[in-house]
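Values below: every heavy atom of this structure, side chains too, minus hydrogens, waters and symmetry copies. Here is the naming used below: chain letters follow the sequence lines, and residue numbers restart at 1 for every chain. These numbers were taken from a predicted model, which means no experiment stands behind them.
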There are 2 protein chains.
Amino acid sequence: MPETRTRRRGVELEKAILDAAWAELNDVGYARLTIESVAARAGTSKPVIYRRWPNRAELVLAAWGSRAPVRPPSPDTGSLRGDLVILFTKIARRVDGMMNEMIAGVMTETFRHPEVAALMRDRLVNAPFGKVVGTVLQRAVERGEHPPVELTHRAGRLPIDLIRNEALINGGSITDETIAELVDQVYLPLLRGLARD
Amino acid sequence: MPETRTRRRGVELEKAILDAAWAELNDVGYARLTIESVAARAGTSKPVIYRRWPNRAELVLAAWGSRAPVRPPSPDTGSLRGDLVILFTKIARRVDGMMNEMIAGVMTETFRHPEVAALMRDRLVNAPFGKVVGTVLQRAVERGEHPPVELTHRAGRLPIDLIRNEALINGGSITDETIAELVDQVYLPLLRGLARD
DNA sequence: CCACAGAAGAAACTCGCCGTATCTAACAGC
DNA sequence: GCTGTTAGATACGGCGAGTTTCTTCTGTGG
């Protein structure tokens with residue numbers, strides 16, 4: 001049976017479309033991603049896509065979501081600063097390149113299609129890096145390297161916010177220097193300041 | 001002589017266009033702003049606009065730039081926290097509403113028209129709020145309210161970055177609570193941390 | 001094995017907007 | 001006035017969003 005199946009359906013087809021969308025994002029970026037190009041790449045046609053997602057923004061969000069969130073392992077370099085640099089770098093790689101353009105692009109369409117706004121916000125606020133800071137920090141406390149800290153929600157989210165902000169502004173990749181600046185000039189001082197309560 | 005001038009030219013016309021673009025940004029936002037709508041509003045036509053700016057993004061940046069940067073007066077409430085809250089609020093109002101959408105929108109087109117990227121970056125990094133933090137802080141030091149601080153470039157820019165980030169994510173206005181969180185959970189602790197060197 | 005419902009895929013269409021090209025009429029400077 | 005410049009009107013080509021229509025496949029239930 002040479003598996004003469006020519007038409008995919010259901011989950012299989014859906015996955016093919018999301019993969020194609022993801023590939024397009026990587027190849028040409030959000031601004032140049034068209035529904036037609038995704039359809040062509042997936043070997044299907046526009047209506048098939050529109051039957052599933054109402055517009056470009058939601059398709060892209062779905063493609064984004066279809067990639068597993070990759071809960072990052074908490075690094076353990078033996079020093080708080082080392083752990084933080086690694087953590088920031090991991091976040092940067094994830095946010096890097098296409099990601100920032102996508103966020104900006106989807107953000108814009110948010111105003112054409114307000115339903116998308118909520119989706120987007122959830123995705124950003126619930127990014128999976130929040131708790132890792134807590135872990136890393138706790139280890140530093142146990143090592144006696146750092147006084148105990150009441151890590152507020154804002155402070156926990158800050159690494160992601162800093163990196164995303166940087167990526168959005170710079171458009172390009174985030175250098176190691178930038179990461180060092182963020183860790184040394186902002187995040188470590190903040191943690192020290194939080195410790196005095 | 002009733003000044004029967006019907007056609008504006010040069011600077012006068014240019015200003016009319018920029019004003020119209022600004023008004024459109026306020027009324028309908030970046031996503032729905034079209035060159036045609038700006039032309040109509042300015043009482044002129046598309047080619048006149050295209051003779052001056054090569055695309056939407058640059059027109060909008062020009063309109064943005066044509067509004068005076070409004071160097072904010074440093075507040076003096078008698079307490080560092082009070083001053084910071086006012087400062088953050090001022091930034092928020094300036095970044096508010098349309099501003100964030102515009103930034104996101106222009107950002108997206110940055111990838112279609114790479115020349116725009118540099119313009120945008122300058123505009124964001126040279127935002128006029130940076131030095132005010134220094135002033136506010138110095139007064140707190142003179143009052144003996146706060147230990148002296150070596151304010152790094154990153155730390156000085158942080159308020160703007162925090163607010164912009166918040167505006168971009170939330171889409172809507174920034175509440176007083178958010179500002180209080182940013183000041184109390186992030187910026188004041190950071191300043192305290194920076195002071196211990 | 002067949003029929004039928006439902007979904008895939010192809011194609012064509014509307015619409016809005018971008019950016020350009022063409023034309024004419026007003027204006028400014030001499 | 002004469003002349004070069006530029007505003008403003010109009011129309012056009014192109015692209016991509018989102019929709020509609022129609023045909024063709026496919027798997028399920030009888």
(request) Group every Ile, Leu, Val, Met, Phe, Trp and Tyr by side-chain heavy-atom contacts under 4.5 Å, then state whether B/I86 and B/L191 land in the same group. (result)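 Cluster IDs for B/I86 and B/L191 differ.
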Nearest to the side chain of [X], which nucleotide is it out of [options]?
X     : options                : result
B/N55 : D/dT19, C/dG19, D/dA7  : C/dG19
A/P47 : C/dG9, D/dA17, C/dA11  : C/dA11
A/L13 : C/dA8, D/dA17, C/dC17  : C/dA8
A/T44 : C/dA8, C/dG9, D/dA17   : C/dG9
B/S45 : D/dT10, C/dC18, D/dG16 : D/dT10
B/R52 : C/dA8, D/dA17, D/dA7   : D/dA7

[atom1] of [X] versus [atom2] of [N]: gap in Å, rounded?
X     : N      : atom1 : atom2 : value
A/K15 : C/dA8  : NZ    : C1'   : 19 Å
B/R32 : C/dC15 : CZ    : P     : 19 Å
B/L59 : C/dC17 : CG    : P     : 15 Å
B/R51 : C/dT22 : CZ    : C1'   : 11 Å
B/I49 : C/dC17 : CD1   : C1'   : 13 Å
B/K46 : D/dT10 : NZ    : P     : 13 Å
B/E12 : C/dA28 : CD    : P     : 10 Å
B/E58 : C/dC18 : CD    : P     : 15 Å

(message) Please check: side-chain N/O of A/E145 versus main-chain N/O of A/L80, any donor-acceptor pairing under 3.5 Å?
(response)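 Yes; at least one donor-acceptor contact below 3.5 Å.
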(message) Under 4.0 Å, heavy atoms only, any strand: does A/L33 hit a base, just the sugar-phosphate, or nothing?
(response)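 Since only primed, P, OP1 and OP2 atoms lie under 4.0 Å of A/L33, the category is sugar-phosphate.
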(message) Suppose we call a contact any N or O donor and acceptor under 3.5 Å apart; does that hold for the side chain of A/R56 and the base of D/dG16?
(response)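 Not at all, since no donor on one side and acceptor on the other fall under 3.5 Å apart.
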(message) Give me the atom names and distance for the closest heavy-atom approach of B/E58 to B/W53.
(response)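 Here B/E58 and B/W53 meet closest at O-CD1, 3.9 Å.
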(request) Select from B/G10 and B/E36 the residue whose nearest nucleotide in DNA chain D is closer to the 5' end of that strand. (result)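 It is B/G10, whose closest nucleotide lies nearer the 5' terminus.
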(message) Need to verify one output field. Residue with the more 5' nearest nucleotide on DNA chain D, B/A42 or A/T34?
(response)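 The 5'-side residue here is B/A42.
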(message) Between A/D27 and A/R41, does any side-chain N to carboxylate O distance fall below 4.0 Å?
(response)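 Looking at A/D27 and A/R41, the cut-off is met.
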(message) Do the side chains of B/R154 and A/D184 get close enough for a salt bridge, i.e. N-O under 4.0 angstrom?
(response)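 A salt bridge is absent here (no side-chain N lies under 4.0 Å from a carboxylate O).
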